[in-house]
Every structure is written in structure tokens, then in C-alpha cells.
Amino acid sequence: NLNFIAMIPFRFSTEPSDTLAVRGAPTLLNCSVHSESPAKIEWKKDGSFLSLASDDRRQVLAEGSLLISSVVHSKHNKPDEGVYQCVATIDNLGTIISRSARVNVAGIPRYLSQPEAVSVRVGDSHMLNCEVNPDLVSFIRWEQNKEPVELDQRVFTLPSGALVISNATEADAGLYRCVIDNAGPTKTSEEAEIQILPESGEERTLEFLLEAQHVSKVVGESVLLPCVVTGYPTAYVTWMHKDQLIEYSKGRFEVLGGGSLRIFNLTEEDAGVYSCMADNTNGSIEAQTELTLKASPQFLKKPANIYAHEATDIIFECEVTGSPAPTIKWVKNGDAVIPSDYFKIIEQNLQVLGLVKSDEGFYQCLAENDAGNVQAGAQLIILDQDVAIPSPSPTSLTHATTDRLMPGSRGGAGPTPSAPRDVVASLVSTRFIKLTWRLPAEPHGDDVTYSVYYSLEGNNRERIVNTSRPGEMQVTIQNLMPDTKYSFHVVAHNRNGPGESSVPLTVATQPEVQVPGPAPNLQAVVTSPSTVSLSWDMPLTGEIQSYKIYYMEKGMDSEQNLDVNTLSYTMTGLKKFTEYSFRVVAYNKHGPGVSTEDISVRTYSDVPSAPPQNMTVEVLNSKSIMVRWQPPPADAQNGEITGYKIRYRKGTKKSEAAEITSGSQLYQLIDGLQRGTEYMLRVSAITVNGTGPATDWTTAETFESDLDETTVPDVPSSLHVRPLVNSIVVSWTPPENQDIVVRGYTIGYGIGSPHAQTIKVDYKQRYYTIENLNPSSHYVITLKAFNNVGEGIPVYESAITRPQSGSFNILVLVYPDVDLYELFHAPYTPVPDPLPMLPPVGVQASVLSHDTIKVTWADNSLPKNQKITDARYYTVRWKTNIPANTKFKVANTTTLTHTVTGLKPNTLYEFSVMVTKGRRTSTWSMTAHGTTFETIPSSAPKDVTVVSKEGRPRTIIVNWQPPSEANGKITGYIIYYSTDVNAEVHDWVIEPVVGNRLTHQIQDLTLDTTYYFKIQARNSKGMGPMSDAVQFRTPKDPSGVLQPSDMSGTGDNHILVIVIIVSVGAFIIILVVVGAFLCTRRTTTQQKKKRAACKSANGSHKYKGNSKDLKPPDLWIHHERLELKPIDKSPEPNPVMTDTPIPRTSQDITPVDGSMDPMLQRRNSYRGHESEDSMSTLAGRRGMRPKMMMPFDAQPPQPVISAHPIHSLDNHHHHYHLGSLASPTCSYLHHQSSTRSIATPISHLDRAQSTGESSLVGLCEELHPFSTPTAHVRPTHPLKSFAVPAIPAHPMYDSAALPSTPLLSQTGPHSVKTASIGTLGRTRTPMPVIVPSAPDVSESSRLHEDAGSNYETDELTEEMAHLEGLMKDLNAITTA
């Protein structure tokens, strides 16, 4: 059955508004109704209906408006003034009422003050007052010489009715009067004459003609804030609102008369204090006025029409906003709803419980505040039980509302259930009753649901509660009243509808026991930093047995309590300067009563009970020390820290000096100190109660002189190691340059790599023992000095720990006059054991985002649950190695985790942790690494340049450099170019470029045209910003015959280049042939010169044997600077052959750059081919390849050689060369001829080879023929000191990937090398080779002097014998 009553449109189309009426004049209050049925309209005044049947002065017009033909108003009779409402009624449907409208009647016009005559200077401002009844201000107008005054932005009226004349002119002179019009008879004020005087030029003090007043307006209206200034020179007026200058160009602001501010369409943000500032050359004045705004009520949610069945509950929703907050009133059919047990107003909503038929009608929500009132309504229709709730709802709904449909059941044809049986109250309490029953005798279905109807005994308004699921035969009725009788009956439902009702059951709820109410007058008084006194009065109800005090510290989750038997109690042992909340609960024989409201107090502050934390001192220079610290623990501050006191004294002297900082400053610079003096410092915290305990004395010594800290320290001057079984003793000396600040040393060590572990020591320390090492292991140690700028250049050393059995075998290659025994057997002074704490373990770095990494660790010195119960704290440090001298950043924490933010994207960071407890600290933990995620580039490509291609004017070349902040691997670039720099981005031409390119050609451009270029980089996360536009103008066509391809006329150039290349190549070949021929035709005199050169070289050796010996790093120590890329295996099937990372020639590693000097190219090319031929011959003979570094156990028996990368200073490429071990003598000679060439430009290297090397090598060729199975290869580089037989290795190095920093940066008169020498029958570990340095003379001059000397035969024979002895020593070592 779908028959139901449809919602009928019934609403007000026009409602009355507030009106100011004039006595004796007519007034109209509008009202009209929109409805399908005719409505009866009546009017209420001040809440009572008007009887208009016999009233000839007031009548209701046809559409419903109220017309008062003649307003009556006197001092004692005001029948027409009041609040009116329009009431509309449709019979058998309901009633609605309109918003209320107030009618005020203007009083009798009278002037409280009259305009006054005045003289005004030209250009000045003046104000004519006209004070009348406040309700008549809107009727004021002004006349000049009895003619209406024309108002504009120069001449205007204020809200008070006053007339303002600004920037007065002679036309403003005349007689002025104020007129009250349209409020009954016209009434005029007295006339006042304004005389306009010429400006005298005399200064007049600035003053305001009107005092500032408070202004109140409604949102949406306009307001005029007066600011009328007089004085000379004329003032310039500005307005400020909320400390911001008002911009008049925004549209809602307008300045009148050069000073007064008008604001249109006010919003809530316009409220606040406004400042009018007037200033001229003599001074300034300021006045303030406050604007408050009210907002009339606005509906956020209006009531919706509702269909419902009897006995159900409904709720009409209503949500209103406004300022001040509106008051809500509900009416039903025009009458106010009185809250009761069944009509409840919850917040702003109306809840109707247990609907009955009489509840039908129109319900309205009325909202009102000082700014106005509004109303909105909805209709409620009660349907019969056999009528289903319509869905979807009818379209004819009340205006501006939506229907909300209540759930119902849909009837059907068929039998319905009989009455449920045995309805009983199984549980009865004070405020709820639980009912149970049995299945009806005839349910007529399986899915039977039940509805329980209940009401107060004797009341016909029933409420309904439905069971939650089919088949459930119990329900609990909540929210009942204690000691009250209720009537219940149950109805079963099946798919056909509701069945018969059970017999009514009457049950009374239990009476409620009397528990105590809240204890009145609870008070808490703080008496000391740790005590609070509580007091309260006895509750009125019940005999009290005891009280329970509940208290809780602010910020804590759990509440504590204690029992008392008195009406007061003093809480002791509380934390100082801590906020606590207290409440009291009274107990009687029935149990706990109602709790009091919480009352909060804060205990008094006290002096801190702990010193500041993490105090550090840093010597800045010879006269100042920086002290840093952290506040005391939060629970030990005992109040707000107001300052810190830093005490310091010289050494152990008792006299102290002190400095005090603010509470927020956690550092202090102590300056004015004495040079080279030891100071002791400590810090204490201060509250308003006094100074707390101080930290322990910390010692710092100022520098003897002001050292430089603008650069990193130099390399330490020496590094010595002494290996033991499980430890290595490291000792060193500071850098030679003592003018740079050294704040400490960083020791790195590890097996095969010095970066496995890192230790930092104090700048005063000169030795350190590395513990917990593995026996018989090869460790690499690095030492770097550091300061606040960063870490300096490292020095490297390697050592092998002794075997467990105690045997200690070391291969030592000893040159004359060099004794390495003292290096390994230096006196050992044990390091005092400071009993350090165990370092944190399990350090992990978890990357969270592109700038955040979370560091976690464990502490083995804590219990298994890792709970920290003492005052220890952890220091986390982190850094990135890019750039290399980046210094560590640190943070302290008291937990086992720390989140590091503000990191750079796509950057590898290393983290380590140290624990500190009192005076004990641990070493730094193992290092954890984490690489932040990538993010889009945050900077544009830089150094964008555009050049034209030579010979092709239509083609340009764009060059650039990667972004400074790439934030990831650059995967590509996009080049934008256009002829209009202001064009939209999508209108620019796009040229994509792969990420490894930094140059690009753009062809087919228009000649003599200006182009603009921008470049944008991208990575895996997206596009970065664009670079700034670079302007380039293509050249003009000088001949006018260039083709678009720009290729005409270039063929001849190509041919010329080819001819030049062929000619140069032929010339080089001829020089090589002639040189080879001349070398084979040496005379006896030339041989003597060679011997003299050998002797000279040997003498040089003796000279340099006394110089300072430096031990350089092996090549494999510099693994971070030499990228060893994997190579393919040789195609030759020889199982003994192994790949080597050493390139066979300089050509393999050094590409010939077209920009290089052609002579350098030819020299490099010549040396490369020469070496390659020699090595290829040897390779065929020996059938094996050399290795740079062999492991200790599984290598074939062959010699081992280590190579050094050498940096060329003028072409910025690295050359890797392989020499030959022809004989000890020749190898030695090659060393001597090249020791000065390491740090010299390549041109010097070439000159050394051409002048000295060829002579010495030629001598070696004649003195040592191929009589032994050794390779003889003419070295192609001065550093080719040792070599092994080898076949050519595959080229594998890309010069672009090599670092551009030279590994050997010494510029002194000597250089060092390290070679790893093996044997044919037994593999040895690499040993250091000390290479003497050459005298500080140039290669060419020294060799020319030697060539010009004559040596006797016996002297030459003696020198050769010496060389032969040296060769035997080397052979004995290598075959031992």
C-alpha cells in the first residue's frame, strides 16, 4: 500500500524587515506565502496576535502585508513600536511564523548642538558638527547658502551627521545649515559662516578634528572611519590594520578627503584596531579606532522533511553560525516547543521520542542574535503502520530542505505472526530493563523480528525498540527513570507485516541508591616546590565514610590515588615546578560518589638539581674559547631556566671569573684570555630561585699564536706502524706547517681498505694502539689531520699483524744507508687505559626520504630489554665524503634511535654512534651507511653558453654544466629555444639530450636572428628548474649564397687537413728511422759518455741516500682515487694468463685529444708504440700477463709489480706505464733519471727522456745483453722502474672516469715509489721499496754536465762492480 500524504509546499516568499517609521506617516511590513492551498495570514506584535477586525488604522493587505496608515507615537503612548511577526496557517496542515521585525519610530527632531562659524585656510580641512537625535541622523542633509551641498570625496558627511570639508577652496565660503528632512516637518539649524583665508605659509601643528570612537557594524555592510586632520604643511595620511599598511587599490577601500577611510562589503577579517597616521615635515600624529563586526545568523544545515511511523524516534537537524553565537528556539505550528522527556533539544537539534499522530505538523528552527534573526522549517507526516516509508521521496519538498526518510516495513499479502509468548522482565535495574519472550505459537515464517513498545504507565505516548537481528527474542530498554512504572508489549513481524501484540506487562525500575555528591569547595594551595595542600567541604547527601584523592602529573597517562578520612590533606614528595591535577571522590556505604571537577596547580620552582649536559669547549684562537652545552634534564630543571653562569680560571688557581648568558643561549664565547694558557671552565644553570650545581671542570689551553683555520691541515709529516699479534701500534708526527690549526687526527684502518673502521684522537696525541685485530692479516692504515674546516690530505701505511704462533716474517728490501729496523722496533710506550665504555653495536641507517635517515643501534652495556635507567647519552655523528673535507655533524640523544633531517638528496652518508656516561665515553661505533633517496633537481644546469660552429653559420653548439644540486643521476636534458623570450613554455622548440652529454648541436637556424636558449635537467624523479635564458644571434650571411646545409666550400678544408696529417705522420716515421740508425752507430767516445752518465747517476744515488726517506702508499692503498674497472678475459686459451688492470701503453689510457698540442700528441703516440712492440715480443716469449697486486695464496708463480697513476698537469690525463725488470742496474738507472719528473709537466718528462733516458738505456743495452731470461723493455715513462714479462693487456681505462687530483703531490726535491716484488717459486707479500731522491737540479742540465765529464777506465770498472753487487743483492732477496 503506497497511499500516503504528500509533502505540501508551504513557506514564506517575503518576510518583514526592521523599519524606522515616522510619526504620522504610513509604514508597511511585507509578508507573503508560497503554498498550493490558500493560507490564513495573521500578525503578532510582541508575541501576541493583533486584533485587526475593527482597526481602521492597521490592516492586512491581500498578499499578507501589514499596513499602518498613520503611525502613532507619543511619550506615553507607543502602540506601533515593537517586534512584529507574520503567522500563516493552512487548516488541517499546520502553521508557520516568519522572522521577527522591529519597528522603531523616529522621535521629535531637536538639535543638541549647532554649527559654528569659522575661518579656514585654503587647502586646510574643517568639520561642521550637527548633533541631533541618534535615530534621526539618517534624515540629515546640508545646505550652503540655502542650496543643497553636493557631496563627493572632498566634501562628505560622517556617520554622526557632521559635514567635512577637506582641501578647502574659495568656493567653499558661505553660510551653512543642517536640515532634518522626511521625518515630519522640516527643521533647520542655525546658519554658520565659513570664511576662506589665503594660506599664510606659517607652520601649524597637526591635530585631529574628531576623536577616535569605537565602531560596531554587521558583516556585509559598509563603514566610514573618520580621520580629519588640520595643520600646515598639509599632512599625508596612511592607515594601518593589524600592523600592515592598507592598500587602497584592492577595491574595497576608499579614502575620502585625503584621510577618512571607507570600507565596503565588510568581512570578518576586517575587524580589529585601525591606526590613522598623519605626518608632515614637522612631525606626525596617530589615532586609533577599533572596529567590531557582528554576523547575522546563517544556516549551515536546515531541518529536512520527515516521514515516520508512530512510536518511532526522529530528529530534526539544525546548524547555525553567527557572531555573537545565535540562540536557538524551536516552534511547532507556531508555538514554542517546551523540552520534556519526549521533546529534547540536543545542541541545536530537536529530538522527538515515541511519535504519536498529534506530533504531525510544521517544525521551525529560529536563530537570533544582535545582528538579526532567521528561520527555517520542515514538515513531519506520521504514516499508518501498514504504509511504507516512501523511497525515493516526493519531489514537492519544503523550500531549501531535503527529505530524510525514516525506516519502515512494507506490508504484503499473507498471515502475520501471533502474539509473542511469555514476555517477562529478566533483569530490572534502576535505569534499564531487559525483556525476554518466546516464539509466537504461529510465526508464519522463519525470519521473525520483534518490536518492543513501552511507555510510562498511564501515558499514551509509546516508544519503540526493535531487535537487532531476526530470531532474537530479547531486548534491553535503556535510559529509564529510577523507581518508575513502565508498560511493555511486544509485536512480532514477518514478511507480511506486524502481527498481534502481546499482553501488556507492567514493570517498575528499582530505586536509585543515594551515593555522595561531589565534595564542594575543593581548593589546592601550593606551599613549597614539592608540597600542595588540599581542602574541601563535606557533600550534602549520605553519611561519608572516607575520601579518595586522585592526582596526576600533567602529560602522564596514569592517575594515582590515596585514601584519607579528613576534609584536608597535604600532598608531599611532588616534583618541583610541575603541574598536577587533583580531584576528590567521597565514599559512603553504597560506594563511590560523584567526583569533583579537576583542579590544576603547579608546584613552585627551585634551583636546578642537575648541571647542564654535554658541555664542550673549543679553543678558537690564542685569546678566546667557545663553550657549548645543553640544558639540564627536564626533570632536574625545577623551573624555567633564566640563564647560565660560566665560571673559568687559570689552571689550578682559585680566583675565578664568571659570565652569565640568557636562558635560551646555549653557548658563550670567552675572550680576552692569555696566550698559551691552560684554563678550567664549568657551567651551571640558573632559575629565579638561584644557581644549580655546576658541571665538572673542563680544561682547555689557548694557542700560543693565532693559527690559520681557513684551510684544512697539511698531511702529517710521518706515520709509523708496529704490528703485534692482535694489535698495531700507530705513531706519527704532526704536519710540518705548524701555522694551520689541527684539532685532532682521524685514524682509519681495515683489511685491504683503510675505511672499515675510523677513530678520532686529540690533537695532542702522537700514538694509538689499534686493538682486536686478526693475526697474520694485512691491514691498511690511514692518518688525516682535521680541523673545523675539514680533514686534510691522508698519509697511508700498511702492516701485517704477527701470526698467532709468534713468528713474525717480514720481507724488507734494504737500500744502502737505509735502516728500517727502527721503524718496526721503535720504543713502545703503552697507552694508558681510560676504561672506556663499550661502543654501541648494530648501528643501522634506514633511509626514510630524500632528506631524512633514521639511525638505530643497540647498547651491550644495557640490560637485555635495552631500557636506559641512568644518565647516559649518545652522540650521533654523520657526514658525507662529497666534498672530501666535509666535517662531521653531531647530535645528542638519550634514546637508542635518532632521526637525522636536512640531508642532501641522493647522497651517501656515514653514521657512527658514541655513548657517554659521566666522565666515561666509548669509541665510535662501526660505521653505517645510507644513501638518501633521489628527488627532482633543485637547480638548473649552469654555465650555459652558445657558440656558432665554424664554417656552418646555421648551426650552433650549446654547452653547459650539470646542475649544482642534481639530487640524483641526471638521465637527460631538454633544450628549449625560441625567438621570443616571453613566449609560453609550450611554444618553445624542444631538443632532448641524453644525460651523459654536456653539449649539443642545433642545425638549420635562421641567419641574422636572435635566439633564446634554456636548459632543463631531469632525473628519475622528474624535471628540475629551467636555466635563465641565454641570448645568441646567428651571424649574417656575408656572401648571401650559403645553402641551408652549410656544407658548400668545406670540401677543400677537409682535403687540406688530411694532407697535413699524412705529411706529419711521414715526417715522424723518417725521424724514428734516422734515430734508430744513429743509435746503432755509436762511437767509443759516445760509449764513454754513457759510462760517465752511469757513474754520475750512481753518484747521485750516494748523494741522495742521506736525504729524508719517505714511504709512499702502494697503488692499491689509493683504491678510492684509482677506479679499476673490470675487463674481458683474453681470447688466448692459456690457463696461466690472468687479466691485469695495468694498461699496456700510454695510448691505452690517454686518448689523443684534438685540443692537445700536436707535438704532445706525437710524442705520446711514439712512446706508446715503442712500449707496445717491446712488450708484445716479451709476451710471446714468456706467455703470461703481469698483475698489479696478487692475493696471498692462490696465484701462479710469477713476479708482481705495482704501478702508480701519474697526473699530467698540462693535459689533465693520467698515464699508466709498465716498465721492465731488465736488471737491477738498469732499473736503478731508470729511477735515477726520472725522480724529478714526477711533479713536473709532461713537457719536462719528455725532455728528460730525450736527453738522459736514451743514453742510460743505451748503456744498459750494451752492458747487459739478453743472457738471462729477463725482459728488456725500453721504458716509455720516467716511472717505469720495474716490469715483468707480459703480453699486451686489453685497454680498459676510460680517462674521463679518472680523478683529476694527482696522488703524489710532493713538490720537493725527491719523490717516492712502492713496488711489490714476487718470485718465480714463491709468492711474497708486498714490501716497501725506498727510492732515494735526486738533487734539486734539472734533468737536462745534470745530464749535460755528466756527458761532458771524462772518467778513467779503472773508475768505470769500479762503478760497474758496485752495480753488479747491487744486482746480486736484489737477486738474492727475490730468490730467498
Side-chain angles (χ1 to χ4, degrees), residues 1-8 92-94 303-317 332-333 337 340-344 349-363 378-394 396-398 401-420 423 435 437 440 444-445 447-456 459-470 472 475 477-479 486-502 504:
N1 182 15
L2 295 178
N3 294 325
F4 60 89
I5 303 174
M7 296 289 179
I8 298 177
N92 301 322
L93 185 61
N305 296 335
I306 295 177
Y307 289 100
H309 291 112
E310 282 190 281
T312 58
D313 301 340
I314 64 165
I315 184 169
F316 284 109
E317 294 181 333
K332 175 199 171 188
N333 291 330
V337 173
S340 66
D341 293 337
Y342 298 98
F343 287 88
K344 297 181 178 180
N349 303 325
L350 174 65
Q351 190 174 13
V352 184
L353 309 178
L355 291 175
V356 295
K357 190 67 176 176
S358 61
D359 291 333
E360 278 190 335
F362 287 90
Y363 291 80
Q379 184 179 5
L380 170 64
I381 294 180
I382 306 295
L383 302 177
D384 295 336
Q385 292 292 341
D386 58 347
V387 177
I389 300 294
S391 179
S393 58
S396 57
L397 302 180
T398 303
T401 66
T402 58
D403 285 346
R404 187 162 54 85
L405 307 176
M406 301 303 295
S409 60
R410 184 179 298 275
T416 57
S418 59
V423 178
L435 297 179
W437 57 88
H444 298 296
D447 296 335
V448 178
T449 59
Y450 300 89
S451 297
V452 178
Y453 295 84
Y454 67 98
S455 64
L456 285 170
N459 193 319
N460 62 350
R461 181 181 288 275
E462 285 187 326
R463 299 184 63 187
I464 184 173
V465 175
N466 297 316
T467 54
S468 58
R469 60 182 180 273
E472 185 178 18
V475 74
I477 313 298
Q478 303 278 358
N479 300 320
Y486 288 89
S487 176
F488 302 89
H489 65 95
V490 183
V491 176
H493 299 257
N494 63 9
R495 66 183 61 186
N496 299 318
E500 298 178 6
S501 172
S502 66

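Residue numbers start at 1 and run along the sequence shown.
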Please give me the minimum heavy-atom distance between [X] and [Y], naming the atom from each residue.
X    : Y    : result
I306 : I315 : CD1-O, 3.6 Å
F316 : P303 : CD2-CB, 4.3 Å
L355 : A308 : CD1-CB, 3.5 Å
P498 : V491 : CB-CG1, 3.9 Å
V475 : V452 : CG1-CG2, 3.4 Å
P504 : H489 : CA-CB, 4.2 Å

Under 4.5 Å between any side-chain heavy atoms of [X] and [Y], yes or no?
X    : Y    : result
Y342 : N459 : yes
H309 : I382 : no
V352 : D313 : no
F488 : V490 : no
Y363 : Q379 : no
I314 : L380 : yes
K357 : E310 : yes

How long is the gap from [atom1] on [X] to [atom2] on [Y], to the nearest 0.5 Å?
X    : Y    : atom1 : atom2 : answer
S487 : N460 : OG    : CG    : 11.5 Å
T449 : N494 : OG1   : CG    : 8.5 Å
Y307 : M7   : OH    : CE    : 4.5 Å
L353 : I464 : CG    : CD1   : 13.0 Å
E317 : Q351 : CD    : CD    : 11.0 Å

**Item:** N333 side chain vs F362 backbone, donor-acceptor pair below 3.5 Å
**Value:** yes
**Request:** Could you tell me whether a side-chain N or O of N496 sits under 3.5 Å from a main-chain N or O of T416, the two making a donor and an acceptor?
**Result:** no
**Request:** Verify the distance criterion only: is there a donor paired with an acceptor across the side chains of S451 and H493 at less than 3.5 Å?
**Result:** yes
**Request:** Please lay out, stage by stage, how R461 and D359 fare under the test side chain to side chain contact (heavy atoms under 4.5 Å, CB included).
**Result:** CA-CA 10 Å; R461 181 181 288 275; D359 291 333; 2.6 Å; yes
**Lys NZ or Arg CZ of R463 over Y454 ring: under 6.0 Å, within 45°** = no
